[in-house]
Amino acid sequence: MGFFGKLFGALKKTKEGLGNKLRQLFSRDKIGDDFYEDLEDVLISSDISVTTADEIVENLHDRMIEERESDKDKVLQALKDEIYACLDNAGEFELEYPAVIMVIGVNGVGKTTSIGKMAHLFTSQKKTVTIAAADTFRAAAADQLEIWAERAKVRIVKSVEGSDPSAVVFDALSSVKAKKTDVLIIDTAGRLHTKSNLMEELKKMSRVVEREYPEAHFYKLIALDATTGQNALSQVEVFNEAVGIDGIILTKLDGTAKGGFVVSLCNELCVPVAFVGTGEKIEDVDTFDKESFVDAIFD
């Protein structure tokens with residue numbers, strides 16, 4: 001099954017929410033002022049922020065007036081264009097090699113699972129991968145990551161529980177440089193964005209990467225649980241301010257009807273979605289494609 005097929009399945013709940021509401025709206029309302037008011041309500045109810053929903057509807061309304069257009073099929077296509085434009089505001093996430101990917105985020109968002117899936121994705125693309133178990137805080141974190149490393153058939157660098165995470169990163173960097181590994185994925189301890197000491201730890205690990213492997217392409221990706229919807233925006237804002245975020249790993253998309261929040265996330269914070277989890281299997285992750293995302297909601 002291709003990415004569109006996987007994404008189509010993962011967005012089933014969002015499609016049933018946003019997609020069905022839109023279809024009902026287009027079948028019921030004439031294209032007039034009431035239609036645009038109802039459209040904004042539908043977007044907001046599907047976890048698109050008030051700011052972004054207002055922007056989408058205003059742009060759509062202005063465009064349709066300018067083009068003197070009231071044909072529902074053309075208005076629907078224009079709506080898809082507006083949603084795509086919101087996603088496009090974040091730009092594209094482009095990965096270059098050798099790559100160092102540090103995965104960060106709050107507790108319980110699926111970082112460990114995502115790292116295992118990403119490792120499998122890279123190996124399926126004929127890339128060599130090493131995982132660094134730099135979550136030395138949570139009990140058995142390295143053991144869980146090692147299980148995923150075995151499943152993905154990749155190397156793992158780890159240390160004893162309670163050791164310095166930056167030391168694990170240093171050891172992993174030494175290893176991947178010596179072996180000319182394509183991708184190093186660094187796991188980090190889940191942390192509340194209010195914990196300043198843990199944020200400082202992230203900054204320290206970032207400095208180690210930048211100092212020890214300056215020729216690598218360094219990416220900091222935040223894992224977000226899609227079921228949290230709009231609440232995820234504040235996580236991105238705080239982590240972005242602390243260490244800078246290059247992209248988003250969207251997890252648990254198949255378990256929520258709140259997929260619409262991705263639109264406002266990209267539009268308002270201008271951080272692209274890099275990878276999206278589409279299920280529970282190790283192969284259920286892929287790079288994010290904006291057109292497929294929009295098509296999967298509407299089709």
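Both backbone and side-chain heavy atoms feed into the values below; hydrogens, waters and symmetry mates do not. Numbers for residues simply follow the sequence, beginning at 1. Since we're looking at a predicted model, the values are computed, not measured.
- Glu66 CD: 12 or fewer foreign heavy atoms inside a 6.0 Å radius.
- Using modelled atom types, no side-chain atom of Asn89 and backbone atom of Cys266 make a donor-acceptor pair closer than 3.5 Å.
- Of the possible donor and acceptor atoms, one in the side chain of Tyr219 sits under 3.5 Å from a partner among the backbone N and O of Glu96.
- Residue Leu22 comes nearest to Val42 through the heavy atom pair CD2-CG1, 3.9 Å, listed as atom of the first residue, atom of the second, then distance.
- Between Ile156 and Ala133 the shortest heavy-atom distance is CD1-CB, 4.2 Å.
- Summarising the local packing, CD of Glu69 is surrounded by more than 12 heavy atoms from other residues, nucleotides or ligands at distances under 6.0 Å.
- The nearest pair of heavy atoms linking Val106 to Gln235 is CG2-OE1, 3.6 Å.
- Under the 3.5 Å distance criterion, with hydrogens and angles disregarded, a donor-acceptor pair is assigned to the side chains of Ser45 and Lys21.
- Side-chain contact, Asp289 with Ser292: a donor N or O sits under 3.5 Å from an acceptor N or O.
- Between the side chains of Thr52 and Glu268, at least one donor N or O sits under 3.5 Å from an acceptor N or O.
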I would like to know whether Phe293 and Phe288 meet ring-ring contact (aromatic ring centres under 6.0 Å, His included); could you show each step before the answer? CA-CA 8 Å; Phe293 179 85; Phe288 183 69; 5.4 Å; yes

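- Ion pairing of Glu146 with Lys158 is present here, as a side-chain N (NZ or NE/NH1/NH2) and a carboxylate O approach within less than 4.0 Å.
- Using a cutoff of 4.0 Å between basic side-chain nitrogens and carboxylate oxygens, Glu92 and Lys290 are scored as salt-bridged.
- The residues Asp187 and Lys111 are annotated as not salt-bridged, no charged nitrogen and carboxylate oxygen being separated by less than 4.0 angstrom.
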Would you list the atom pairs, donor with acceptor, under 3.5 Å between side chains in residues 168-186 and any protein atom, with sequence neighbours excluded?
unit_1, atom_1, unit_2, atom_2, d
Ser174, OG, Phe170, O, 3.0
Ser175, OG, Arg155, NH1, 3.1
Ser175, OG, Arg155, NH2, 2.6
Lys177, NZ, Glu212, O, 2.7
Asp182, OD2, Thr128, N, 2.8
Asp182, OD2, Thr128, OG1, 3.1

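- Salt bridge present: Lys252 and Asp225 bring a charged side-chain N and a carboxylate O closer than 4.0 Å.
- A distance of 6.0 Å or more separates the ring centres of Tyr213 and Phe218.
- Atom CZ of Phe93 is surrounded by more than 12 heavy atoms from other residues, nucleotides or ligands within 6.0 Å.
- Ile104 and Thr188 make their closest contact through CA-OG1, 3.5 Å (heavy atoms, listed as atom of the first residue, atom of the second, distance).
- With a 6.0 Å radius and a threshold of 12 heavy atoms from other residues, nucleotides or ligands, Asp33 has its CG atom at or below the threshold.
- Atom CD1 of residue Ile115 and atom CD of residue Gln144 lie 11.5 Å apart, to the nearest 0.5 angstrom.
- Using a distance-only test at 3.5 Å, with no hydrogens or angles considered, a donor-acceptor pair links the side chain of Ser264 to the main chain of Phe261.
- Under 4.0 Å is where a charged nitrogen must lie from a carboxylate oxygen, and between Asp81 and Arg63 at least one such pair does.
- Hydrophobic clustering (ILVMFWY, side-chain heavy atoms < 4.5 Å, transitive): Ile48 and Ile44 are in distinct clusters.
- The shortest heavy-atom contact between Pro165 and Thr136 is CG-OG1, 3.6 Å.
- In terms of heavy-atom proximity, Lys203 sits nearest to Ala242 at CE-O, 3.3 Å.
- Surrounding CD of Glu241 are at most 12 heavy atoms belonging to other residues, nucleotides or ligands under 6.0 Å away.
- Annotation: side chain of Phe35 is not in contact with side chain of Val57 (no heavy-atom distance under 4.5 Å).
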